[in-house]
Amino acid sequence: MASEFEYESVLCVKPDVNVYRIPPRASNRGYRAADWKLDTPDWTGRMRVTAKGKVAYIKLEDKISGELFAQAPVEEYPGIAVETVSDSSRYFVIRIQDDNGVGEAGQ
């Protein structure tokens, strides 16, 4: 994990992103964006990708206040933190962490 003395740099900011709550996979078949309710996102906001040491963080934040909604630490890619979607290059699945634990969300 990153040390508290390391500098955090911002790699990318996307000002308008949609997040979808997706069900767990029922089989080894990959995630499909067509299975999500793309016209009704569960959350909208801003995404910032930052790096601190050797760990990147995908942070989902409120557009106005900057309050952190959830984040996904990415220690290696490919890995469990970010997964591709089999039917689209626009969407991906991230394993997010909030104060209540871990969940999965489509982005």
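Numbering starts at 1 and runs along the sequence shown. Basis for what follows: all heavy atoms, side chains included, without hydrogens, waters or symmetry-related copies.
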Aromatic ring pairing F69/W43, orientation class (parallel under 30°, perpendicular over 60°, tilted between) |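 Rings of F69 and W43: parallel, under 30°.
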Of L11, V13, V10, which meets side-chain contact (heavy atoms from CB on, under 4.5 Å) against V49?
-> L11
Please report the shortest heavy-atom distance between [X] and [Y], naming the atom on each side.
X: P41; Y: Y20; answer: CA-CE2, 3.5 Å
X: M47; Y: V17; answer: CB-CG1, 3.9 Å
X: R46; Y: K63; answer: N-CG, 4.0 Å
X: D87; Y: A34; answer: OD2-N, 3.0 Å

Kindly indicate, with the supporting measurements, whether the criterion salt bridge (charged side-chain N to carboxylate O under 4.0 Å, His left out) is fulfilled by E8 and K59.
-> CA-CA 13 Å; E8 181 177 53; K59 297 182 178 189; 2.8 Å; yes
Check: S86 side chain, Y31 main-chain N or O, donor-acceptor pair, under 3.5 Å | yes
R21 backbone acceptor or donor facing D42 side chain under 3.5 Å = yes
Separation between [atom1] of [X] and [atom2] of [Y], rounded to the nearest 0.5 Å:
X: L60; Y: N18; atom1: CG; atom2: CG; result: 11.0 Å
X: Y77; Y: E83; atom1: OH; atom2: CD; result: 9.5 Å
X: I22; Y: Y91; atom1: CD1; atom2: OH; result: 12.5 Å

Which residues pass the salt bridge (charged side-chain N to carboxylate O under 4.0 Å, His left out) test with E76, sequence neighbours left out?
->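 E76: no salt bridge (charged side-chain N to carboxylate O under 4.0 Å, His left out) contacts found.
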Should the heavy atoms of other residues, nucleotides or ligands under 6.0 Å from NZ of K37 be counted, would the total exceed 12?
-> no
Going by heavy atoms in the side chains, are W36 and V85 under 4.5 Å from each other?
->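 Yes, at least one pair of side-chain atoms sits under 4.5 Å.
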